[in-house]
Amino acid sequence: MKKKLHILLPLLLVMAAVFQLSAQETMPRLVDNANLLSPAEEETIRQQLDEISMRQDVDVVIVTEYDIGDKTPEEYADDFLDYNGYREDGILLLISMADRDWHVSTAGYGITAITDAGLAYIQGRFLPSLSAGDYEAAFACFAELCDQFITQAQNGEAYDVDFLPKQPFMAVRNLIVSLIIGFLIALIATSSMKKKLTSVKFQQGAASYVRKDSMQLREKSDSFLYSNVSKRARPQQSSRSYGGGSSTHHSSSGRSHGGGGGKF
């Protein structure tokens, strides 16, 4: 009997480890406790998060709650990332509807990939949709940007203070629309003015528009009045290290976390 126990005990330990690893791998990366998404939207976002997390080997997680109790958004986001079986490398977005808080917690390689300047850029992209109540668009945008920032960090230089992605180029479209609107307004205004000038007829020469003997030039001189010299200091080039990187803190587990948050 003892011999059988010696054989079974290691086998049971291996099975327990495999079960624990499997449980960690199947931990949902989208936890929509606030029910902000429809079932179809939830499935789409979950698949996106899973694909990015598996490919990048960094867990990208989104959690929504109605209320987070007595914890601050930072504490709740950090603890959720620490105590729910996610990888050491992770990025978590928390949405708390009670006070309309959002917070991003980063850990491990997530701290490297999402710097303070990078997070400011990311929030500028997904917050408008979040504030408008378009949660699927906001979450999809957040996941896509996390993927982009992780890839850039793995290429050797993380996005930071003076090195950020270019904003989507919409200037050409906006310029064309503005020109069309301006042309229509000018056309309407000039047409109205033209109708009022019924007594004026086109003349071939400029002399026809000048009243005879109405202008007499008796004296001509050039006078220097004053000069104005302005000086402007040459702007100094900013150092990439100044204000860059990620500010960190320690969570209740003792792990280092980066990130930040606010209201929406």
Side-chain angles (χ1 to χ4, degrees), residues 27-66 68 72-74 76-82 84 86-87 89-154 158-160 163-168 170 246-247 257-264:
M27 178 66 66
R29 296 182 177 91
L30 174 62
V31 182
D32 186 23
N33 290 333
N35 294 321
L36 302 181
L37 302 172
S38 68
E41 292 171 340
E42 189 172 344
E43 182 62 23
T44 299
I45 299 299
R46 180 180 289 112
Q47 289 180 1
Q48 183 183 13
L49 294 173
D50 287 344
E51 190 280 326
I52 293 171
S53 300
M54 297 302 292
R55 173 167 45 82
Q56 298 284 20
D57 203 25
V58 177
D59 277 330
V60 181
V61 183
I62 296 176
V63 179
T64 74
E65 301 284 2
Y66 285 116
I68 56 176
T72 66
E74 179 181 281
Y76 195 94
D78 291 347
D79 289 348
F80 203 101
L81 194 57
D82 288 348
N84 285 285
Y86 297 111
R87 291 183 175 94
D89 303 315
I91 305 167
L92 182 144
L93 170 62
L94 168 70
I95 304 297
S96 175
M97 298 303 294
D99 295 314
R100 296 187 69 82
D101 289 311
W102 69 271
H103 193 89
V104 172
S105 175
T106 58
Y109 198 74
I111 299 175
T112 301
I114 310 297
T115 63
D116 293 345
L119 180 57
Y121 174 91
I122 290 173
Q123 76 177 62
R125 294 286 303 278
F126 80 85
L127 275 185
S129 296
L130 188 65
S131 299
D134 191 351
Y135 301 112
E136 182 186 21
F139 297 160
C141 179
F142 175 80
E144 181 182 343
L145 288 171
C146 286
D147 187 15
Q148 180 181 350
F149 274 60
I150 294 169
T151 297
Q152 178 60 40
Q154 291 173 346
Y159 286 124
D160 208 344
F163 176 55
L164 291 169
K166 294 181 179 180
Q167 293 282 1
M170 305 295 289
S246 298
S247 55
H257 286 266
K263 301 287 185 179
F264 66 93

Any sub-3.5 Å donor-acceptor pair from [X]'s side-chain atoms to [Y]'s backbone N or O?
| X | Y | value |
| --- | --- | --- |
| S129 | E136 | no |
| Y109 | A153 | yes |
| D147 | I52 | no |

4.5 Å side-chain heavy-atom contact, [X] and [Y]:
| X | Y | value |
| --- | --- | --- |
| R87 | S53 | yes |
| L81 | H257 | yes |
| I95 | E65 | no |
| I150 | V60 | yes |

ask   = How far apart are the C-alpha atoms of T151 and Q56, what are their side-chain angles, what is the distance that settles it, and do they pass the side-chain contact (heavy atoms from CB on, under 4.5 Å) test?
value = CA-CA 8 Å; T151 297; Q56 298 284 20; 2.7 Å; yes

task = Could you go through the side-chain contact (heavy atoms from CB on, under 4.5 Å) check for Q48 and F139 one step at a time?
result = CA-CA 10 Å; Q48 183 183 13; F139 297 160; over 6 Å; no

Distance (rounded to the nearest 0.5 Å) between [X] [atom1] and [Y] [atom2]:
| X | Y | atom1 | atom2 | result |
| --- | --- | --- | --- | --- |
| S105 | D79 | OG | CG | 9.0 Å |
| D99 | I68 | CG | CD1 | 7.5 Å |
| C146 | L92 | SG | CG | 10.0 Å |
| S246 | I111 | OG | CD1 | 7.0 Å |
| Q123 | L93 | CD | CG | 11.0 Å |

ask   = Which is it for L37 and E43 under the side-chain contact (heavy atoms from CB on, under 4.5 Å) test, yes or no, and what are the steps along the way?
value = CA-CA 9 Å; L37 302 172; E43 182 62 23; over 6 Å; no

request  = Give me the ring orientation class for Y121 and F149: parallel if the planes are under 30° apart, tilted from 30 to 60°, perpendicular past 60°.
outcome  =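 Tilted: the ring planes of Y121 and F149 meet at 30° to 60°.
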
I need the minimum non-hydrogen distance between [X] and [Y], along with the two atoms involved.
| X | Y | result |
| --- | --- | --- |
| N33 | Y66 | O-CE1, 3.3 Å |
| Y159 | Q148 | OH-NE2, 3.7 Å |
| R29 | L49 | O-CD1, 3.3 Å |
| F142 | V104 | CE1-CG2, 3.9 Å |
| L94 | P73 | CD2-O, 3.5 Å |
| I45 | I62 | CG2-CD1, 4.3 Å |

query = Can you list the steps and then say if E41 with Y135 is a side-chain contact (heavy atoms from CB on, under 4.5 Å)?
reply = CA-CA 9 Å; E41 292 171 340; Y135 301 112; over 6 Å; no

